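Values in this document were obtained by computation on a predicted structure and should not be read as measured data. Residue numbers run from 1 in the order of the sequence given.
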Amino acid sequence: MSLVSAVVAVVGAAVTGLLGYWQQRRLHARTERNYMERYSSSLALAAYDLQSRLYNILNGYVIDRSGRSYDGYLTSFLVRGSPEEAEHVRRSTAFVLAEYLGWAEILRRDIQFLNLGGSRSNRRIMRQLGQISASLGRISPTSNELRVFRSHQRALGELMVHPDSASGQRWCLGYAEFCRRLDQDEVFRSWFAPLLTDVDQLATDVAPALARLEKWQNELVELIDLLDPTAVHIPSQRSKFHLATRLSDMSGPA
């Protein structure tokens with residue numbers, strides 16, 4: 001009788017352990033999904049805002065060259081706009097880049113211990129993030145405006161993570177808080193000062209940077225397609241900018 005009881009106890013313990021193991025696996029998988037779902041939509045929105053600004057800068061170059069009666073984006077607001085408009089363009093351009101880096105940093109922080117190997121889509125997302133990071137930090141022989149080396153990308157991303165947020169519930173600084181810190185925190189501003197200067201330089205002459213900005217904008221659109229393939233969170237009007245095609249289109253009659 002005691003032998004039977006011992007066997008039953010051992011089997012019961014084994015079954016309990018196995019059930020506990022599978023329950024932990026399910027919880028782990030659910031945590032991974034929750035993190036990716038929660039952060040991927042925010043990252044997709046940030047990537048959309050950034051690629052949209054790059055698109056406007058690139059398209060503005062085409063408009064300026066077309067001889068139309070109106071100016072492109074940077075020319076309209078940063079070169080010929082009011083001081084308030086110029087400062088908004090300068091700061092908002094730096095912000096959309098910083099916000100993207102912030103959400104990329106958040107995603108990296110909170111999924112670094114999760115097993116993404118079982119998800120093909122997650123692996124593709126992480127590879128695309130790496131590709132964009134490499135493009136952003138790549139040195140160009142013609143232009144390095146808005147170039148940010150990898151370690152600096154991490155630093156800017158860290159600064160954009162809201163200090164009151166915690167693991168699993170992180171968020172980025174909003175635009176108002178970003179501007180407040182630029183005005184009141186000299187250390188914070190020093191990190192972003194090169195980006196603000198780069199925006200001014202692009203307004204002076206964007207031509208040398210066109211190839212870099214076009215490649216970067218295209219890669220961001222590819223990331224958005226991976227993060228939101230069915231256009232649930234991001235508008236479906238997300239198109240890659242092709243400079244040669246746009247110049248050709250704009251060369252026709254005005």
Can you name the nearest heavy-atom pair linking [X] to [Y], along with the distance?
{"X": "Val187", "Y": "Asp185", "result": "N-OD1, 3.1 Å"}
{"X": "Arg150", "Y": "Ser133", "result": "NH1-OG, 3.2 Å"}
{"X": "Ser140", "Y": "Arg212", "result": "CB-CD, 3.3 Å"}
{"X": "Ala209", "Y": "Ser143", "result": "CB-OG, 3.2 Å"}
{"X": "Leu173", "Y": "Pro163", "result": "CD2-CD, 4.3 Å"}
{"X": "Ala203", "Y": "Leu78", "result": "CB-CD2, 3.8 Å"}

A side-chain contact here means heavy atoms from C-beta on lying under 4.5 Å apart; do [X] and [Y] qualify?
{"X": "Tyr48", "Y": "Asp228", "value": "no"}
{"X": "Leu136", "Y": "Leu101", "value": "yes"}
{"X": "Arg170", "Y": "Glu105", "value": "no"}
{"X": "Lys215", "Y": "Gln131", "value": "yes"}
{"X": "Ile139", "Y": "Phe149", "value": "yes"}
{"X": "Arg181", "Y": "Arg189", "value": "no"}
{"X": "Leu43", "Y": "Leu227", "value": "yes"}
{"X": "Asp49", "Y": "Phe95", "value": "no"}

Are the side chain of [X] and the backbone of [Y] linked by a donor-acceptor contact shorter than 3.5 Å?
{"X": "Gln128", "Y": "Glu219", "result": "yes"}
{"X": "Glu85", "Y": "Ser82", "result": "yes"}
{"X": "Asp198", "Y": "Glu145", "result": "no"}
{"X": "Asn144", "Y": "Arg147", "result": "no"}

Under 4.5 Å between side-chain heavy atoms, hopping through other hydrophobics if needed: is there a path connecting [X] to [Y]?
{"X": "Leu159", "Y": "Tyr175", "result": "yes"}
{"X": "Leu107", "Y": "Trp171", "result": "yes"}
{"X": "Leu195", "Y": "Leu202", "result": "yes"}
{"X": "Val161", "Y": "Tyr100", "result": "yes"}
{"X": "Val221", "Y": "Tyr55", "result": "no"}

To the nearest 0.5 Å, how far apart are [atom1] in [X] and [atom2] in [Y]?
{"X": "Asp71", "Y": "Ser66", "atom1": "CG", "atom2": "OG", "value": "9.5 Å"}
{"X": "Arg108", "Y": "Glu158", "atom1": "CZ", "atom2": "CD", "value": "9.5 Å"}
{"X": "Gln153", "Y": "Leu97", "atom1": "CD", "atom2": "CG", "value": "8.0 Å"}
{"X": "Gln51", "Y": "Phe241", "atom1": "CD", "atom2": "CZ", "value": "11.5 Å"}
{"X": "Glu214", "Y": "Arg246", "atom1": "CD", "atom2": "CZ", "value": "11.5 Å"}
{"X": "Ile224", "Y": "Leu50", "atom1": "CD1", "atom2": "CG", "value": "8.5 Å"}

Do Ser52 and Arg238 have a side chain donor and acceptor closer than 3.5 Å?
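No, no side-chain donor-acceptor pair sits under 3.5 Å.
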Can you confirm whether the side chains of Thr93 and Arg53 place a donor and an acceptor under 3.5 Å from each other?
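The answer is yes; a qualifying pair exists.
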Chi angles and distances behind the side-chain contact (heavy atoms from CB on, under 4.5 Å) call for His162, Ile106:
CA-CA 10 Å; His162 199 287; Ile106 286 172; over 6 Å; no
Between Tyr39 and Trp103, how do the two ring planes meet: parallel, tilted or perpendicular, split at 30° and 60°?
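Geometry flag for Trp103 against Tyr39: tilted rings.
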Ring geometry between Phe178 and Phe192 (parallel below 30°, tilted from 30 to 60°, perpendicular above 60°):
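Ring orientation, 0 to 90° scale: perpendicular.
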Crowded around Arg80 CZ? As in, over 12 foreign heavy atoms under 6.0 Å?
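Open: at most 12 neighbouring heavy atoms sit under 6.0 Å from CZ of Arg80.
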Less than 4.0 Å between a side-chain N and a carboxylate O, is that true for Arg124 and Asp225?
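No.
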Partner residues of Tyr61 under the ring-ring contact (aromatic ring centres under 6.0 Å, His included) criterion, sequence neighbours left out:
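Here no residue qualifies.
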Which residues pass the salt bridge (charged side-chain N to carboxylate O under 4.0 Å, His left out) test with Glu222, not counting sequence neighbours?
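Salt bridge (charged side-chain N to carboxylate O under 4.0 Å, His left out) check on Glu222 returns Lys240.
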